[in-house]
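Note sheet for the following structure.
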There are 2 protein chains.
Amino acid sequence: MPGEARAKPASIRDVARLASVSYQTVSRVLNDHPSIREDTRQRVLAAIRTLDYRPNQAARALASARPSVLGILSTTVGEYGTTSAIVAIEQVARERGFSISTLNLAAASPEAIGEAVRQFEHEQVAGIIVLAPQVRVFNVIGGLGLRVPIATLHTGAGGAAETIASDQRAGARIAVEHLVSLGHRDILHLAGPQDWIEAESRMHGYLDAMFEADLSTLPPIRGDWTADFGHFAGRELAGRRDFTAIFAANDLMAIGLMHGFRDAGVRVPDDVCVIGFDDIPVAAHVWPTLSTVRMDFADLGTRAIMHLLAAIAGEPAPQFAPVSPQLMVRQSTNPSATRR
Amino acid sequence: MPGEARAKPASIRDVARLASVSYQTVSRVLNDHPSIREDTRQRVLAAIRTLDYRPNQAARALASARPSVLGILSTTVGEYGTTSAIVAIEQVARERGFSISTLNLAAASPEAIGEAVRQFEHEQVAGIIVLAPQVRVFNVIGGLGLRVPIATLHTGAGGAAETIASDQRAGARIAVEHLVSLGHRDILHLAGPQDWIEAESRMHGYLDAMFEADLSTLPPIRGDWTADFGHFAGRELAGRRDFTAIFAANDLMAIGLMHGFRDAGVRVPDDVCVIGFDDIPVAAHVWPTLSTVRMDFADLGTRAIMHLLAAIAGEPAPQFAPVSPQLMVRQSTNPSATRR
DNA sequence: AAGTCGAATGTGTACGTTCACATTAGTGTA
DNA sequence: TACACTAATGTGAACGTACACATTCGACTT
C-alpha cells in the first residue's frame with residue numbers, strides 16, 4: 001500500500017562488489033569450497049548479511065546439474081501419519097537446503113502416477129519421496145527407468161525403489177499377539193486394500209503372529225481404510241460367530257466396525273474384541289476406547305528423507321535401529337474395563 | 001540398473017530445430033502469443049510432442065519476472081479440512097502451470113512465520129496461500145511489507161492480506177440455531193484457541209445465534225482443538241448444571257468432551273446435547289454419533305487459489321456465491337435416537 | 001506501382017548462478 | 001634466490017528461457 005519502490009533483490013555480484021572479491025569467490029563461500037581464506041569468508045558472509053542476500057534458486061538450479069527441490073508424491077486417501085511424516089521430512093530437507101514440491105494425487109491410477117513422476121522429473125527435482133504406498137505405484141515407477149532417486153516410508157516396495165525398513169509388520173504382529181495373549185484363538189483380520197503396501201505389511205504381521213501361535217487363520221476381509229466401510233463390515237460380520245476378536249488394519253475401520261457391531265447388538269469388547277492400528281487422536285476417546293498400535297511416523301519420515309538425501313549425495317544408505325511400535329491397550333480389548 | 005545413458009532433456013532449441021523455426025517462435029507458441037500462424041503452431045506442437053519437451057521451470061523463472069511456484073504455508077496443528085483444501089489448491093494451481101512449494105510449521109511463532117514467508121519470498125514464489133489461520137500470523141505478515149500476493153481460506157485476516165469470504169461464522173450459527181430449535185436455552189461454547197481466526201469466527205457465529213434468539217451467553221471455554229482437551233473439559237464441566245447443550249468449535253474436542261462426560265456419568269444426549277464442527281470421518285461412527293456442521297473445504301481451497309491467481313495476474317478478485325455449511329443431525333443432539 | 005501497415009518470424013541480450021579453466025599469491029624446498 | 005607446488009582467487013563461458021527490438025513477408029490502399 002505505501003507504494004514504496006521495492007529494491008531488486010541483491011545478486012551474487014552485489015555481494016562480491018561489497019566484499020571486494022569476485023563473484024566466484026562468493027559462490028565458493030556459498031558452496032563451502034575448501035580453498036577460501038578465513039578472513040575472506042568472513043568478509044563475504046558480512047556482505048551477505050548486510051544485503052540480506054539469498055541465492056536465487058532458479059539460477060542455481062539452471063546453472064548446476066543438481067537441483068534443490070525435493071518432490072513429495074502422495075495420495076490423499078486417508079492414511080494417518082502421512083502428515084506428521086511430511087512435516088518431519090520437510091524439516092530435514094529444508095535444513096539441508098532443499099525446497100519441497102508436493103504433488104497430491106486424488107486417484108492413484110498408474111497413468112496419474114506416471115504423469116506425476118514425469119512432472120517431478122521435468123521440474124528437475126533432486127529426488128522423490130513417495131507416500132502413496134500402493135504396490136502398483138512402484139510397478140509404474142519401476143517401469144519408468146527413472147533417473148532420480150526415490151525413497152518411501154515403507155518396506156516391500158520392491159523393484160528399483162529405495163526402501164526403508166519400517167516396522168508395520170512388527171506392529172501388526174504385536175497387535176495380534178496381544179489378542180492371542182488374551183486367550184483369543186479365532187482372530188479375524190479386517191485388512192486394507194489389496195494394492196497397498198501397508199495393507200500387505202500389516203496382514204503379514206497378522207499371519208506371522210497367527211502362525212507362531214499355531215492358530216488357523218480366517219480369510220481376511222478387504223476394506224478400503226474408511227470408517228464407513230468398517231461400519232458396513234461390522235453389520236455384516238455381526239451374524240458370524242466364528243471369531244472372537246478382530247484386528248483392523250487401521251483405526252478408522254476399527255471405529256466404524258465397533259459402530260456396526262453396536263448397531264447389530266454385538267457388544268465390544270464383551271462379545272468381540274477389536275484392536276486397530278495408528279493410534280489416531282480420537283482412538284483414546286471413542287466408546288469403547290480403542291486399543292491400537294502406535295507408530296512414530298515422524299521418525300519414519302526422517303528415515304526416509306535421510307535415506308533419500310544419502311542416495312542423492314551418492315553416499316551409502318544410512319542404517320537405523322528399527323522403530324518399535326507401541327501397543328496401546330484400552331477398553332476395546334479389555335472386557336472388564338467397560339463401565340458405562 | 002540397466003545403466004542406459006540417459007539423454008539430456010530436450011530444450012527449446014531442439015524443438016525449434018525439429019520444427020524448422022526459431023527458438024523464439026517456439027517460445028511464442030508456449031506462451032500463447034497471438035501472432036502465430038496456425039500451421040506453424042501445429043508444427044511446433046508436433047515437435048514438442050515428439051521430443052517430449054517440457055519447458056524448464058528454473059530457466060523460465062530466471063528469465064521472466066513472474067515465477068511459477070506457489071507457496072503454501074500451513075501449521076500442522078490439526079485442523080481437519082486443511083488436507084482437502086490443499087489438494088484442491090494444488091490441482092487448480094497445476095492446471096494453471098504452477099508448482100507448489102509447501103512449508104509446514106510445527107510451531108506458529110511470529111519468528112518462524114516471518115522466516116517462512118521470507119523463505120518463500122526468496123524462493124521467488126508468485127504468491128502464498130496461508131493455511132495457518134492464527135491472527136498473529138497475519139499481524140506478522142502484515143508488518144513485513146510483503147510484495148507477493150497472499151490469500152487465505154479465512155475471513156477476518158485483516159491487514160493487507162487478501163481474504164476469502166468463508167462461512168465458518170454462518171456454519172457455527174447454524175449449529176447453535178439447531179440447538180436452540182431443540183429447545184435449549186443454556187448453551188455453552190467450547191471454543192478454539194484465542195489466537196485462531198477460525199476459533200473467532202465460530203465463536204462469533206455462536207454469539208450471533210444466541211443474540212438473535214435473545215438468549216444470554218455463558219463465558220466460553222477456551223480449548224486447544226484436541227480431543228484430549230475435550231476429555232479434560234468434559235470431566236470438569238460434568239459438575240456444572242448451568243447448561244443443557246454445548247457447541248464445540250471442532251469435532252475432535254466434541255468427541256473428547258463426550259468421553260469426559262461419559263467418564264463422569266453424564267449422558268449424551270439425554271443430559272447434555274453436544275454438537276461439533278467439521279464432520280470428520282469418524283463423527284458419524286463414534287457413540288453417540290456426533291451431530292456437526294460440514295463445510296466444503298475443497299471448495300474453500302479452490303476459492304482461495306482462484307483469488308490468489310487473480311491477484312497474481314493483476315485481475316480483479318473473483319466473486320463467489322457463499323459456501324453453504326451443511327448441518328448433520330445425529331444422535332448427540334437427539335435424545336430419542338440413542339439406542340444401545 | 002509504390003507506399004503503408006500489421007502480422008509473422010528471427011536476432012541479440014539478459015536473468016543469476018555454476019563450471020572449467022586461467023591466473024595470482026603463498027609456502028616450502030633445494 | 002630461484003623452483004616447484006599448492007592455496008587462493010579471478011575470468012570466460014554456459015545453463016534454458018523471455019524480452020526488446022529488428023526484420024521479412026504479404027495484403028491492402030492510393
Side-chain angles (χ1 to χ4, degrees), chain A residues 7-45 47-48 51-69 97-99 121-126, chain B residues 6-45 47-48 51-69 97-99 121-126 313:
Chain A
K8 204 160 88 173
S11 88
I12 199 173
R13 290 190 148 87
D14 300 321
V15 176
R17 205 172 308 123
L18 182 59
S20 308
V21 294
S22 76
Y23 53 84
Q24 175 60 5
T25 302
V26 178
S27 172
R28 282 198 251 268
V29 170
L30 292 173
N31 295 299
D32 290 321
H33 190 93
S35 298
I36 289 281
R37 239 187 9 227
E38 186 53 29
D39 62 329
T40 316
R41 150 181 266 111
Q42 288 308 328
R43 204 144 34 93
V44 169
L45 290 177
I48 287 175
L51 297 175
D52 190 34
Y53 164 79
R54 312 212 187 185
N56 182 319
Q57 297 296 344
R60 181 173 271 196
L62 182 60
S64 73
R66 86 190 107 84
S68 60
V69 178
F98 288 91
S99 313
E121 220 174 354
H122 138 250
E123 278 181 26
Q124 308 263 60
V125 298
Chain B
R6 176 179 46 81
K8 202 161 86 173
S11 87
I12 198 173
R13 290 190 147 87
D14 301 321
V15 175
R17 204 172 311 121
L18 182 60
S20 310
V21 294
S22 76
Y23 55 84
Q24 176 58 7
T25 301
V26 177
S27 173
R28 283 199 250 270
V29 170
L30 292 173
N31 296 298
D32 289 322
H33 189 93
S35 297
I36 290 282
R37 238 187 11 227
E38 186 53 29
D39 61 330
T40 313
R41 147 179 269 110
Q42 289 307 330
R43 203 143 35 92
V44 170
L45 289 176
I48 286 175
L51 297 175
D52 190 33
Y53 162 80
R54 311 212 189 186
N56 181 320
Q57 296 297 343
R60 181 172 272 197
L62 182 61
S64 72
R66 81 192 111 82
S68 60
V69 178
F98 289 91
S99 312
E121 222 176 350
H122 137 250
E123 278 181 26
Q124 309 265 59
V125 298

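Numbered from 1 within each chain, the chains take letters A, B, ... in sequence-line order.
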Problem set entry | Contact under 4.0 Å: B:Ser22 side-chain N or O vs C:dG10 OP1/OP2 | yes
Problem set entry | For atom CD1 of A:Ile12 and atom C1' of C:dT17, their distance in whole Å | 6 Å
Problem set entry | Phosphate OP1/OP2 of C:dG10: any B:Thr25 side-chain N/O under 4.0 Å | yes
For this session: Grab the CG-P distance between A:Leu62 and D:dT17 for me, whole Å please.
Result: 9 Å
Seminar exercise, completed: Result for 5'-nearest mapping on DNA chain C, choosing between A:Val26 and A:Arg37, is A:Val26
Exercise. Side chain of B:Val21: nearest nucleotide among D:dG10, C:dG10, C:dT18?
Worked result: C:dG10
Problem set entry | Rounded distance (Å) that lies between atom P of C:dG10 and atom OH of B:Tyr23 | 10 Å
Problem set entry | Expected output: side-chain A:Arg13 to main-chain A:Tyr23 donor-acceptor under 3.5 Å | no
Exercise. What is the distance, rounded to the nearest whole Å, between atom CD of A:Gln24 and atom P of D:dA14?
Worked result: 16 Å
For this session: Send over the distance from A:Arg13 CZ to C:dT18 C1', rounded to a whole Å.
Result: 11 Å
For this session: Could you check if a side-chain atom of B:Ile12 sits within less than 4.5 angstrom of a side-chain atom of B:Leu30, using non-hydrogen atoms only?
Result: yes
Problem set entry | Protein-nucleotide distance (A:Arg41, atom CZ; D:dA8, atom P), rounded to Å | 10 Å
Problem set entry | Under 4.0 angstrom between A:Ser27 side-chain N/O and C:dT18 OP1 or OP2 | yes
Exercise. Does C:dG6 have OP1 or OP2 sitting under 4.0 Å from an N or O in the side chain of B:Ser35?
Worked result: no
Problem set entry | Atom-pair distance (CD1 on A:Ile36; C1' on D:dG10), nearest Å | 11 Å
Problem set entry | Protein-nucleotide distance (A:His33, atom NE2; D:dT9, atom P), rounded to Å | 10 Å
Problem set entry | Nucleotide of D:dG16, C:dG10, C:dG16 approaching B:Ala59 most closely (side-chain heavy atoms) | D:dG16
Problem set entry | Short side-chain N/O contact to C:dT18 OP1/OP2 from A:Asn31, under 4.0 Å | yes
